[in-house]
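For the single chain, residues carry numbers from 1 onward in sequence order. Keep in mind that the numbers below use all heavy atoms, side chains included, and drop hydrogens, waters and symmetry copies.
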Amino acid sequence: MAARQSLNSKMKPSHAAWYSQTIRDLLTKEEIARIMQKSDTRGLLEIAHTWAWIAGAFALVGIWPNPLTVLVALFILGGKQLACAIIMHDCAHNAYFTSPKLNNFFGNWLGGYPILHNVEQYRPYHLEHHRYAGLTDDPDLSLTKGYPTTFISMARKFGRDLLLATGLKGHLGILMIHFGYLKYSVGGLVIRLRQQSLTDHLLIGWQNLRGPLAANLLLFGLLWACGQPTLYMLWISALLTTYNFSLRVRSMAEHSMIDEREDPHKNSRTTYANWLERMLFAPHHVNYHAEHHLLMAAPPYNYPKLHQLLLERGFFAQGTLEPGYAAVLRKSIRPKPISITT
């Protein structure tokens, strides 16, 4: 029975061959090699940029504490927590640095750990998304379904994101995952695992959470050393509120409101982003999402070059491209039906 299930799993339809063949049809071997070229210096600069914004958000409130600076800092931190998730994501592909060790180290300590995730759990889950993007077995389908929706429904979704409901529910799920009660998922799927003894669950939790706990203690310690330990509450508050808002918009832009979600040419959207959209929704070039699915192990700092090549070769004549996140948000709202009275 196990052998039959394994065979069936291998026979599931996948987009992997299409992506591989398409990129070879569009780019030369030399062009692909240039796009795949990694730079440890560039990777460090990308990560330093995110953490400089984080330090700036803390400093803003530390120097000028008032409701306005707190509000601004919460949105900056939420966007940069999304950036941490993208750092983890890119390092899970071994795309940032030239060695797997560096990708794992920075992907955890300056990416996943501060937001209570880790590369090791995320990597196998996310690679399934790349194999089955838009198909029935895509584990991220629950992140992108339900759009377009009504204006009232969208307002409720954003309200839940910004008023703790999404964050509290999501992080309760994350804790259940880390303690081994649920299968790892960032897409909202709930798959219960076989129950073990309390001791076993505690050991699993310690193994999965010791890194995130250490990273957050280090962040708290740095703020304490600066004489501002209460600023750590900004980090937790953003993780439970504005981070979920940024994550929702980013997820919608990538795979929602697609006419043919099972068509690999159309089911991943690239979205142009201005400076504010990059800060809130599109850190580290994640807005070049069609490019990422075509060449998932390419370093993200090379996506703009890849995008230009794909434009020149006509990929987006059929592919999905939007001028900005405002356009994506407009698509996400279902037009109110016009009532005709006689």
Worksheet item: V249 versus L280: any side-chain heavy-atom pair under 4.5 Å?
Response: no

Worksheet item: Between H129 and H126, how do the two ring planes meet: parallel, tilted or perpendicular, split at 30° and 60°?
Response: tilted

Practice prompt. State, yes or no, whether a side-chain contact exists between L26 and L310 at a heavy-atom distance under 4.5 Å.
Written response: yes

Fill in: Donor + acceptor pair across side chains of R194, Y181 (<3.5 Å)
no

Worksheet entry | M279 CE to T50 OG1 distance, which is reported to the nearest 0.5 Å | 11.5 Å

Discussion item. Under a 4.0 Å threshold between the charged nitrogen and the carboxylate oxygen, would E322 count as salt-bridged to K331?
Written reply: yes

Item to complete: Would you confirm whether N66, through its side chain, and W64, through its main-chain N or O, come within 3.5 Å as a donor-acceptor pair?
Response: yes

Discussion item. Side-chain heavy atoms nearer than 4.5 Å, only ILVMFWY residues, links allowed to pass through others: does that put L247 and L116 together?
Written reply: yes

Discussion item. Would you say that more than 12 heavy atoms from the other residues, nucleotides or ligands in this model lie under 6.0 Å from the CD of Q196, or not?
Written reply: yes

Fill in: Residues E30, R34: salt bridge by 4.0 Å N-O rule
no

Worksheet item: Does atom CH2 of W206 have more than 12 heavy-atom neighbours from other groups under 6.0 Å away?
Response: no

Worksheet item: Side-chain donor-acceptor pair under 3.5 Å between D140 and Y125, yes or no?
Response: yes

Worksheet item: At what distance, to the nearest 0.5 angstrom, does CG of L223 lie from OG1 of T230?
Response: 8.5 Å

Practice prompt. Mind checking the NE2-CG spacing from H284 to L82? Nearest 0.5 Å is all I need.
Written response: 9.0 Å

Discussion item. As an exercise, state the distance from CZ of F245 to OG1 of T166, rounded to the nearest 0.5 Å.
Written reply: 12.0 Å

Discussion item. With a 6.0 Å cut-off on the ring centroids, do Y132 and H15 count as close?
Written reply: no

Worksheet item: Is there a donor-acceptor contact under 3.5 Å linking the side chains of N108 and E120?
Response: yes

Worksheet item: L234 versus L77: any side-chain heavy-atom pair under 4.5 Å?
Response: yes

Discussion item. Assess, by modelled atom type and distance only, whether the side chains of T271 and N287 contain a donor and an acceptor separated by less than 3.5 Å.
Written reply: no

Worksheet item: Hey, mind stepping through L213 and R210 against side-chain contact (heavy atoms from CB on, under 4.5 Å) and telling me if it holds?
Response: CA-CA 5 Å; L213 286 173; R210 59 189 177 183; 5.8 Å; no

Practice prompt. Mind listing the closest non-hydrogen atom pair of I23 and S20 along with its distance?
Written response: CG2-O, 3.3 Å

Item to complete: Find out whether L44 and F97 are in side-chain contact, i.e. whether some heavy atom of one side chain is under 4.5 Å from a heavy atom of the other.
Response: yes

Worksheet entry | From NE2 (H289) to CG (N267), nearest 0.5 Å | 9.0 Å

Fill in: Centroid-centroid distance, H293 to H255, less than 6.0 Å
yes

Discussion item. Using only atom types and a distance under 3.5 Å, with no angle test, would you say the side chain of S256 pairs donor to acceptor with the backbone of T144?
Written reply: yes

Discussion item. Quick check with a 6.0 Å cut-off and a 45 degree axis cone: is K305 positioned over the face of Y288's six-membered ring?
Written reply: no

Worksheet item: What pair of heavy atoms forms the shortest contact from E277 to Y325, and how long is it?
Response: OE2-N, 3.1 Å

Item to complete: For the residue pair N104 and R123, confirm or rule out a side-chain donor-acceptor distance under 3.5 Å.
Response: yes

Worksheet item: In terms of side-chain heavy atoms, does H178 have a donor or acceptor partner in Q121 at a distance below 3.5 Å?
Response: yes

Worksheet item: Going by distance alone, is a donor N or O of one side chain under 3.5 Å from an acceptor N or O of the other, for H117 and Y184?
Response: yes

Fill in: Separation between CD1 of I236 and CG of L231, rounded to the nearest 0.5 Å
13.0 Å

Worksheet item: Can you name the nearest heavy-atom pair linking P114 to W235, along with the distance?
Response: O-NE1, 3.1 Å

Fill in: Exam field: side chain W51 to backbone L110, donor-acceptor pair closer than 3.5 Å
yes

Worksheet item: Hey, are the side chains of L311 and Q308 touching, using non-hydrogen atoms and a 4.5 Å cut-off?
Response: yes

Worksheet item: Can you tell me if CZ on F151 sees more than 12 non-hydrogen neighbours from other groups inside 6.0 Å?
Response: no

Worksheet item: Would the F106 and Y96 ring centres measure less than 6.0 Å apart?
Response: no

Worksheet item: With a 4.5 Å heavy-atom cut-off, do I333 and T150 have their side chains touching?
Response: no

Worksheet item: Under 3.5 Å, side chain of T69 to main-chain N/O of V61, donor-acceptor pair present?
Response: no

Worksheet, complete the sentence: Closest non-hydrogen contact found for A95 with P300 is O-CD, 4.1 Å

Discussion item. Between Y232 and L217, does the side-chain contact (heavy atoms from CB on, under 4.5 Å) criterion hold? Intermediate values first, please.
Written reply: CA-CA 10 Å; Y232 179 72; L217 282 172; over 6 Å; no

Worksheet item: Does the side chain of S246 come under 3.5 Å of the side chain of R250 through a donor N or O and an acceptor N or O?
Response: no

Practice prompt. Without swapping roles, check the side chain of T149 against the backbone of M154 for a donor-acceptor pair under 3.5 Å.
Written response: no

Discussion item. Is there a side-chain contact between T320 and T270 in this structure, where contact means two heavy atoms from C-beta onward sitting under 4.5 Å apart?
Written reply: no

Item to complete: Could you tell me whether the side chains of D200 and S197 share a donor-acceptor contact shorter than 3.5 Å?
Response: yes

Item to complete: Compute the ring centroids of F315 and H307, then answer whether they are less than 6.0 Å apart.
Response: no

Discussion item. In the structure I gave you, are the side-chain heavy atoms of M36 and L295 within less than 4.5 Å of one another anywhere?
Written reply: yes

Discussion item. Strictly distance-based, threshold 3.5 Å: is any side-chain N or O of K29 a donor or acceptor partner for the main-chain N or O of R24?
Written reply: no

Worksheet entry | Path from I35 to F316 over hydrophobic side-chain contacts below 4.5 Å | yes

Worksheet item: Which pair of non-hydrogen atoms, one from N244 and one from G167, has the smallest distance, and what is that distance?
Response: ND2-CA, 3.5 Å

Worksheet entry | Shortest non-hydrogen contact from V328 toward A253 | CG1-CA, 3.7 Å

Item to complete: Would you please indicate yes or no on a ring centroid separation below 6.0 angstrom for F105 and Y113?
Response: no

Worksheet entry | H93/H292 aromatic ring centres below 6.0 Å | yes

